[in-house]
Protein chains: 2
Amino acid sequence: MLEDLRQDDYELLARIARRYYVDDRTQEEIAREFALSRPKVQRLLDRARRSGIVEIHIQAPPWLNLDLEDQLRETFRLADAIVSPSRSDPQSQREAVARSAAQYLGRCLRDGTVVAVSHGRDTGEVPRFFHPGRRLDCTFVSAMGGSPRVDAPTNPNEICRALAERCGGRAASLYAPAYVESAEMRDRLLAQEAVAHTLRVAAQASVALVGIGGTDDGCTMVRSGCLSMDEMARLRAQGAVGDVLGNYVDIEGRPIASPHQDRLVALSVDDLRRIETVVAVVSEVEKPPAILGALRAGVIDVLVVDAGNARAVLDMAGASGPNHPRPRAASPRAQEVIGRATVR
Amino acid sequence: MLEDLRQDDYELLARIARRYYVDDRTQEEIAREFALSRPKVQRLLDRARRSGIVEIHIQAPPWLNLDLEDQLRETFRLADAIVSPSRSDPQSQREAVARSAAQYLGRCLRDGTVVAVSHGRDTGEVPRFFHPGRRLDCTFVSAMGGSPRVDAPTNPNEICRALAERCGGRAASLYAPAYVESAEMRDRLLAQEAVAHTLRVAAQASVALVGIGGTDDGCTMVRSGCLSMDEMARLRAQGAVGDVLGNYVDIEGRPIASPHQDRLVALSVDDLRRIETVVAVVSEVEKPPAILGALRAGVIDVLVVDAGNARAVLDMAGASGPNHPRPRAASPRAQEVIGRATVR
DNA sequence: TTCGCGACTGAGCAATTGATCGATCGTACC
DNA sequence: GGTACGATCGATCAATTGCTCAGTCGCGAA
């Protein structure tokens, strides 16, 4: 980086840089002082910065993990990454991550924004910390079906309702289970206008708030009764490491072709990819492989995660394979209001 | 300095500061990204800088001694101070200082500028390094009389001639010795129009280039035969530590009232004070007390000095008395072209 | 509840800064 | 010596930034 500067140059650059950055003079003043033209001063300042004579350091608190965020962003070509500080207790860890996600979500939303929402324990914590400050005319829509067991706060419909309540927006529920008994049943359900309509709205969302599921026996899909332990074991045997909206992927981010896929009532991976800002929230300790798979699948734009998982994922990623199969267009962190039809 | 920031604030400030200073986004972009107004981002950035979250460091080479310059500027309320790197050999030390002074001088000059010039070995080296690059329609005028012994390069007239030659300007000589035999003789000399005119021009200079003389037996005044060793001893006995243009001062910067003063053909201390930018050049090792006295006399605006003397003067100053008896108006390092009548 | 105070906000404008472009200058190669 | 190339320069203009000011909001006291 450091150019090979002549001593005179070095001296002039340092002097000018000090005048500008430390003494807060204007380039104009400096130009007069050193009998140079203003553009020349500008070029010198530029050179001083590029050559490393001027060092700007952001004194970030160590718990901020800005470096981890940068690495995540870069490694996985994310639009953004937010790493929340480590907590030893799983519940407070979940809350920390959810708080960050809620803040982020708040920044994404404009009147008229449609947000597709998944299920999950992490996702389910988000509404508690969602304080957008002002009324937002947004629509929160379930992006996948519900779970048979009553486990209210982790069900997408319930999360949508809570989010909508927090900001004065609307919730659009999906009246269907996440997994049905057969592909045929799924197709018949999708033919129901109530279901089809909700999924169409979800597919046209500009923001999605999703969790990343694991494949262990304690994962949400199993706990909530969507899938049995046997089914989960079969998925694991097929190489599944995690899911987004019930779409399972392997460690390389490739979709798992399995019968489950045909019984799923949820947005597909392709639907997700078309959504501008997909925000994933994850905090559990068993998650690194699932996160890595999801990231490599290229469905995630923004990852909100705890420091432990972030480090683990980066370590795993460094050890194997390509990490960004889908170079996405740089999507702005907060998109403009889109004059999109909203549902009632 | 560091305010007591709340954790949230801290996080936001750090994030925004990083986006701005590290990622080079505009405030506008950042405002969009964080859903804030642009002025708000500005205020946050401002706070981040003032609170020390953003640290800007100028990676100056150690031989630059920018810190010494700052201390000199501050301690003695100088418009500027330039410290040149230490050299072991007195002659190359002198050259280093003279080079800095020449550069500085070059920056001060505009067409029409009048420069009053003293004698001295350090001053005498300046012309060799004076390369203003372009023709300058300046007038260099002797601010004190010459010395009886032929010691060409340290005589003010000769220095003026050399400087003028370097930039294509004019030299105005003072046809008088520095010290004459009596006060009466001095007055008669000053009545000569040739002498009076030159001194008037010198008094109206906007820049002065002066040395600071010592009071040891090897100083320029003695070497050049202006004063005898006896006279010098008498001055020392009166407390004199050094001179500027033959005006001797004590360690506190007070003028020495002595018969010599009345025999001197040179600008007075008051004349010097009226000159906008008085640049003093000093390099010799015996000089710290002389420099301190001259600085305290408040006649110097810009000090060009070697690192050794700089440190010594600051040490001495720290140990005793007030250092800036005359708070000067902040004078710009390079003044504007002044439509002042020039002499031919 | 209402009022007053102070802090904060963002619109709008002025100053500063960044970037482009043709002109000029030095230099290396023919 | 002549020519062509590249570097450098400063005039100029557009973008960005700093700052002021009137308006708003929340909060505590009456």
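By convention in this document, chain letters (A, B, ...) are assigned in the order of the sequence lines, proteins followed by strands, and residues within each chain are numbered from 1. None of these values were measured; they are calculated from a predicted model.
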Separation of D:dT17 P from A:Glu28 CD (nearest whole Å): 18 Å
Presence of salt bridge, A:Glu165 and A:Arg161, under 4.0 angstrom: yes
Expected output: side-chain B:Asp301 to main-chain B:Ala79 donor-acceptor under 3.5 Å: no
Interatomic distance, A:Arg47 CZ vs C:dG18 P [rounded to whole Å]: 16 Å
A:Arg94 with A:Asp306: basic N within carboxylate O range, under 4.0 Å: no
Between the first and last five pairs of the helix from C:dT1-D:dA30 to C:dC30-D:dG1, the angle of the axes, rounded to 10 degrees: 20°
Ion pair check, B:Arg43 and B:Asp46, cut-off under 4.0 Å: no
B:Asp89 side chain vs B:Ser92 backbone, donor-acceptor pair below 3.5 Å: yes
B:Glu29 CD to C:dG18 C1', straight-line distance once rounded to whole Å: 14 Å
Rounded distance (Å) that lies between atom P of D:dT16 and atom CG of B:Asp46: 20 Å
Basic-acidic side-chain contact under 4.0 Å: B:Glu95, B:Arg99: no
C:dA19 base / A:Gln42 side chain donor-acceptor hit below 3.5 Å: yes
B:His57 backbone acceptor or donor facing A:Glu55 side chain under 3.5 Å: no
Test item: B:Ile30 and B:Leu44 side chains (from C-beta on) under 4.5 Å apart, heavy atoms: no
Between C:dT17 (C1') and A:Tyr21 (OH): distance, integer Å: 11 Å
Interatomic distance, B:Leu45 CG vs D:dT16 P [rounded to whole Å]: 15 Å
Length of the line joining B:Ile16:CD1 and D:dT17:P, which is rounded to integer Å: 13 Å
Nearest-angstrom distance from the residue atom CD of A:Gln27 to C1' of C:dT16: 8 Å
Closest approach of A:Ser283 to A:Asp122 (non-hydrogen atoms, all atoms of both residues): OG-OD1, 2.7 Å
Can you pull every protein N or O that's under 3.5 Å from an N or O on nucleotides 7-10 of chain D?
unit_1 : atom_1 : unit_2  : atom_2 : d
D:dC9  : OP1    : A:Lys40 : NZ     : 2.5
D:dC9  : OP2    : A:Lys40 : NZ     : 3.2
D:dG10 : OP2    : A:Ser37 : OG     : 2.8
D:dG10 : N7     : A:Arg43 : NH1    : 3.4
D:dG10 : N7     : A:Arg43 : NH2    : 3.3
D:dG10 : O6     : A:Arg43 : NH2    : 2.6

Nucleotide N/O to protein N/O under 3.5 Å, stretch nucleotides 25-27 of chain D:
none

Carboxylate-amine/guanidinium proximity below 4.0 Å for B:Arg18 and A:Glu69: yes
Test: A:Asp80 and B:Arg19 ion pair at under 4.0 Å: yes
